[in-house]
Visitor: 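Below are the structure tokens for one structure; questions will follow.
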Amino acid sequence: MSRAAAAVRPDDHAGSPGPDREWLWVLFSSLRLQTRLMRGSPFAVLLGIVQPVVLLAVTVGANDQLTAEATTRFTVGVVMMAFWGATIWTAGGILQFEVHAGTLRANVTSTRSPQVILLGKCLGASLYTLPMIVVTTIVTVGLLGAPLRAERPGLLLLGLLLVAVSGTGLGMLLSCLFLLTRHGNHWSSALMYPIYILGGFMIPIDLLPEGLRWISTVVSLRWATDFLTAAAAGRFAAGSLAVMVALTVGYFALGWYALRQIIRRAKREALLDRR
């Protein structure tokens with residue numbers, strides 16, 4: 001039996017939960033497995049530490065005349081950009097990794113819900129990378145001596161928790177979409193940099209070409225940027241929060257449905273055996 005499949009078998013452990021709580025056990029086991037796989041990974045360090053440091057050096061570090069408001073906006077944008085890249089390459093690549101490791105079949109054909117397994121792994125990826133990015137960003141901004149605002153720390157914490165949840169749903173959806181093509185890595189690259197530019201993280205939406213502004217409206221992290229920036233300035237951006245939550249729910253629904261369709265298709269086209 002594969003290591004991934006074994007990690008989600010509660011009957012192998014003493015005191016296993018009852019059927020009504022089994023899905024929570026599967027969720028936690030999948031989350032723990034994903035964080036173990038990422039622990040000590042050079043790729044995780046590149047995405048969670050090196051990437052935000054470089055982005056901050058290019059934006060905040062290149063201009064020592066920024067106001068606290070401008071620095072805060074850039075800092076939030078860097079966090080969202082780094083997390084977007086991390087989501088694509090970690091959570092978004094989970095199912096592709098399962099295919100190459102030969103563990104996908106065991107996970108989707110077991111008695112445990114494959115959706116819950118994928119949910120747990122994507123949540124593990126988000127909870128591993130986002131805190132690393134946030135801590136790295138705060139430390140780097142401090143070392144640069146740049147001023148920051150944090151008028152509503154409670155709202156900032158709420159926003160970051162919602163960002164982790166949204167990244168989980170986005171990761172589920174991207175993971176399924178990347179599995180449906182033999183060129184998932186190319187799609188990962190193709191999605192990464194255009195969203196950096198068009199996602200509203202660093203460049204104000206009204207400065208983008210009018211025909212391209214709609215792209216950012218379907219990216220929840222754009223609305224998270226607006227919410228966190230407003231919270232740092234002491235405002236509660238209810239509209240941005242509502243859109244972010246709605247998009248997140250949509251990501252989860254589409255990802256849940258897409259994985260079910262992948263499993264059905266796999267039975268016809270041997271997708272699970274593809275390398």
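Both backbone and side-chain heavy atoms feed into the values below; hydrogens, waters and symmetry mates do not.
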Visitor: Any link between Phe28 and Met172 through a network of hydrophobic side chains (Ile, Leu, Val, Met, Phe, Trp, Tyr) touching at under 4.5 Å?
Guide: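 In one cluster with Phe28: Met172, no.
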Visitor: Taking it one step at a time, do Thr90 and Leu47 satisfy side chain to side chain contact (heavy atoms under 4.5 Å, CB included)?
Guide: CA-CA 9 Å; Thr90 57; Leu47 293 170; 3.8 Å; yes
Visitor: In the single-linkage hydrophobic clustering (I, L, V, M, F, W, Y; side-chain heavy atoms under 4.5 Å), do Tyr128 and Trp84 co-cluster?
Guide: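 Hydrophobic grouping puts Tyr128 apart from Trp84.
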Visitor: Contact between Val219 and Phe201 at the side-chain level, heavy atoms closer than 4.5 Å - yes or no?
Guide: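 They are in side-chain contact.
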Visitor: In the structure I gave you, are the side-chain heavy atoms of Val116 and Ser30 within less than 4.5 Å of one another anywhere?
Guide: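 Answer no - side chains too far apart.
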Visitor: Hey, are the side chains of Ser113 and Val26 touching, using non-hydrogen atoms and a 4.5 Å cut-off?
Guide: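 The answer is no; the side chains never approach within 4.5 Å.
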Visitor: So Leu259 and Cys176, do their side chains get closer than 4.5 Å, heavy atoms only?
Guide: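 When only atoms from C-beta onward are counted, Leu259 and Cys176 do touch, with a gap below 4.5 Å.
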Visitor: In the single-linkage hydrophobic clustering (I, L, V, M, F, W, Y; side-chain heavy atoms under 4.5 Å), do Met38 and Leu119 co-cluster?
Guide: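 No.
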Visitor: Any salt bridge between Arg73 and Asp226, counting N to O under 4.0 Å?
Guide: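 Judged by the 4.0 Å cut-off on N to carboxylate O distance, Arg73 and Asp226 do form a salt bridge.
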Visitor: Which residues pass the side-chain contact (heavy atoms from CB on, under 4.5 Å) test with Leu241, not counting sequence neighbours?
Guide: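 Residues passing side-chain contact (heavy atoms from CB on, under 4.5 Å) with Leu241: Leu162, Phe227, Phe236, Met244, Val245.
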Visitor: Hey, could you give me the CG/CZ distance between Leu170 and Phe252, rounded to the nearest 0.5 Å?
Guide: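 Between atom CG of Leu170 and atom CZ of Phe252 there are 9.5 Å.
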Visitor: Show the nearest heavy-atom pair for residues Gly124 and Thr35, with the distance to one decimal.
Guide: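 Result for this residue pair: O-CG2, 3.6 Å.
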Visitor: Under 3.5 Å, which donor-acceptor pairs do the side chains of residues 147-161 form with other protein atoms, sequence neighbours left out?
Guide:
{"residue": "Arg149", "atom": "NH1", "partner": "Glu69", "partner atom": "OE2", "Å": "2.9"}
{"residue": "Arg152", "atom": "NH1", "partner": "Gly234", "partner atom": "O", "Å": "3.3"}

Visitor: Quick one: CG on Leu198 to OG on Ser216, what's the gap to the nearest 0.5 Å?
Guide: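 Going from the CG atom of Leu198 to the OG atom of Ser216 covers 8.0 Å.
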Visitor: Measure the OG1-CD1 distance between Thr140 and Ile133 for me, rounded to the nearest 0.5 Å.
Guide: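 Thr140 OG1 to Ile133 CD1: 11.5 Å, rounded to 0.5 Å.
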Visitor: Using a 4.5 Å cut-off between side-chain heavy atoms of Ile, Leu, Val, Met, Phe, Trp and Tyr, which other residues end up in the same hydrophobic cluster as Val135?
Guide: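 The other cluster members (ILVMFWY side chains, heavy atoms under 4.5 Å, direct or chained) are Val139, Leu143.
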Visitor: Measure the shortest side-chain to side-chain distance between Pro52 and Val79 over non-hydrogen atoms and say whether it is less than 4.5 angstrom.
Guide: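 The answer is no, as the side chains (C-beta and beyond) never meet within the 4.5 Å cut-off.
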Visitor: Show the numbers, then the answer: is there a side chain to side chain contact (heavy atoms under 4.5 Å, CB included) between Val163 and Met80?
Guide: CA-CA 9 Å; Val163 165; Met80 294 300 103; 4.0 Å; yes
Visitor: Report, as yes or no, whether the 6.0 Å neighbourhood of atom OH on Tyr257 holds more than 12 heavy atoms from other residues, nucleotides or ligands.
Guide: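 12 or below, so no.
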Visitor: The test is side chain to side chain contact (heavy atoms under 4.5 Å, CB included); show your working for Met202 and Val78 and say whether it passes.
Guide: CA-CA 8 Å; Met202 306 292 291; Val78 164; 4.3 Å; yes
Visitor: Side chains of Met132 and Ile49, heavy atoms from C-beta outward: is any pair under 4.5 Å?
Guide: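 The answer is yes, as the side chains (C-beta and beyond) meet within the 4.5 Å cut-off.
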Visitor: Between Leu37 and Phe97, is there a side-chain heavy-atom distance shorter than 4.5 Å?
Guide: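 They are in contact (side-chain heavy atoms under 4.5 Å apart), so the answer is yes.
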Visitor: Once you round to the nearest 0.5 Å, how far does CD of Glu22 lie from CG of Leu27?
Guide: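 Those atoms lie 12.5 Å apart.
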Visitor: How long is the span from the CD1 atom in Ile88 to the CZ atom in Phe178, to the nearest 0.5 Å?
Guide: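 The CZ atom of Phe178 is 5.5 Å from CD1 of Ile88, to the nearest 0.5 Å.
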